[in-house]
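The structure appears right after this line, and notes come after that.
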Amino acid sequence: DGGITQSPKYLFRKEGQNVTLSCEQNLNHDAMYWYRQDPGQGLRLIYYSQIVNDFQKGDIAEGYSVSREKKESFPLTVTSAQKNPTAFYLCASTRIGVNEKLFFGSGTQLSVL
Amino acid sequence: AQSVTQPDIHITVSEGASLELRCNYSYGATPYLFWYVQSPGQGLQLLLKYFSGDTLVQGIKGFEAEFKRSQSSFNLRKPSVHWSDAAEYFCAVGLQQGFQKLVFGTGTRLLVSP
């Protein structure tokens with residue numbers, strides 16, 4: 001079955017440590033997105049990519065980095081510069097075109113030790 | 001800038017009763033409108049979307065939503081709620097091109113009582 005796979009499901013970060021969240025899709029989608037979800041808030045866009053080897057900052061990109069070396073993969077690194085990283089992170093993807101919809105992964109919960 | 005308001009943080013409905021979740025948006029043009037549902041610890045699933053045409057949109061799981069331009073609203077409804085509908089519901093507003101400008105509301109948590 002096609003879909004989006006996020007791993008790990010739970011991740012713990014020590015102070016000063018960089019951690020990487022994985023997002024893989026086998027839907028042959030062009031565009032991929034990373035969102036951050038905090039309790040009581042809506043989803044906020046961190047980064048997005050519409051084509052391989054290109055990506056754009058979203059609304060809250062500070063303290064995060066991404067890469068898009070392959071169409072199916074869009075890993076997110078939470079760097080030590082992100083001072084409040086505890087959140088639920090969601091990856092999404094879509095084809096580029098009219099009337100498309102976002103498909104979401106099942107998320108990664110990141111917590112600080 | 002576009003914005004989305006979901007005024008109800010929590011709603012409790014008895015099983016079998018009808019449901020209406022409110023969503024108001026602020027946007028200068030006709031937006032793309034979406035409703036998503038999220039179960040605890042899971043990703044979001046699209047319930048329905050409105051791009052143009054008929055203002056009453058049918059979605060999955062028996063949900064529907066009505067776009068009312070005069071009220072800037074896109075309320076989600078279901079005639080008879082099932083216990084499995086308990087989840088968090090998000091309204092989202094987007095531009096006509098691309099999802100990078102998709103703005104989500106803060107969500108409404110639906111509780112279903114027996």
Side-chain angles (χ1 to χ4, degrees), chain A residues 3-11 21 23 25 27 29-51 54-61 66 87-111, chain B residues 1-10 21-26 30-54 57 59-60 63 65 74 87-109:
Chain A
I4 301 176
T5 301
Q6 289 188 241
S7 62
K9 182 70 173 175
Y10 301 96
L11 186 59
L21 285 61
C23 178
Q25 54 96 2
L27 300 167
H29 285 172
D30 303 295
M32 299 185 73
Y33 305 79
W34 274 106
Y35 290 93
R36 170 176 171 143
Q37 185 178 23
D38 294 280
Q41 298 190 36
L43 278 66
R44 293 181 290 169
L45 183 63
I46 304 172
Y47 268 99
Y48 66 97
S49 168
Q50 295 182 295
I51 193 170
D54 186 57
F55 48 83
Q56 306 296 327
K57 292 182 179 180
D59 300 319
I60 55 166
V66 293
F88 190 57
Y89 291 85
L90 286 162
C91 179
S93 71
T94 184
R95 289 182 296 194
I96 293 177
V98 180
N99 294 347
E100 296 298 342
K101 66 177 186 180
L102 277 178
F103 290 80
F104 282 86
S106 56
T108 293
Q109 175 64 50
L110 175 62
S111 303
Chain B
Q2 65 216 63
S3 65
V4 181
T5 301
Q6 293 182 248
D8 303 306
I9 298 174
H10 299 278
L21 301 182
R22 295 182 291 167
C23 173
N24 293 95
Y25 66 89
S26 173
T30 300
Y32 283 3
L33 298 160
F34 306 83
W35 274 101
Y36 287 88
V37 61
Q38 184 182 34
S39 298
Q42 297 296 317
L44 276 67
Q45 181 183 21
L46 180 68
L47 286 174
L48 47 80
K49 60 184 180 181
Y50 172 79
F51 287 168
S52 64
D54 193 347
V57 181
I60 62 171
F63 286 93
F74 190 56
E88 188 146 25
Y89 292 79
F90 291 92
C91 181
V93 177
L95 292 176
Q96 293 186 350
Q97 291 86 33
F99 288 94
Q100 57 268 28
K101 293 299 184 183
L102 195 63
V103 176
F104 286 84
T106 52
T108 296
R109 181 165 297 280

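What you see is a predicted model, and the numbers here were worked out from it, not measured in a lab. Residue numbers start from 1 in every chain, and the chains themselves are labelled A, B, ... in the order their sequence lines are given, proteins ahead of strands.
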CG of B:Leu102 to OH of A:Tyr35: how many Å apart, nearest 0.5 Å?
-> 5.0 Å

Option that, when pairs with chain A are counted at under 4.5 Å, heavy atom only, ranks first among B:Ser39, B:Cys91, B:Gly43 | B:Gly43

Contact origin within B:Leu44 toward chain A - heavy atom pairs under 4.5 Å = both

Which heavy atom of B:Gln38 sits nearest a heavy atom of A:Phe88, and at what distance?
-> NE2-CE2, 3.6 Å

Max heavy-atom pairs within cutoff under 4.5 Å with chain B, candidates A:Gln6, A:Gln56, A:Arg44, A:Gln41, goes to A:Gln41

Is the number of heavy atoms from other residues, nucleotides or ligands under 6.0 Å of B:Ile60 CD1 greater than 12?
-> yes

Look at the side chain of A:Lys101 and the backbone N and O of B:Phe34, then say whether any donor-acceptor pair between them is shorter than 3.5 Å.
-> no

Atom CG of A:Leu27 with >12 non-hydrogen neighbours under 6.0 angstrom = yes

When only pairs under 4.5 Å are counted, which of A:Thr94, A:Leu90, A:Leu43, A:Leu45 shares the most heavy-atom pairs with chain B?
-> A:Leu43

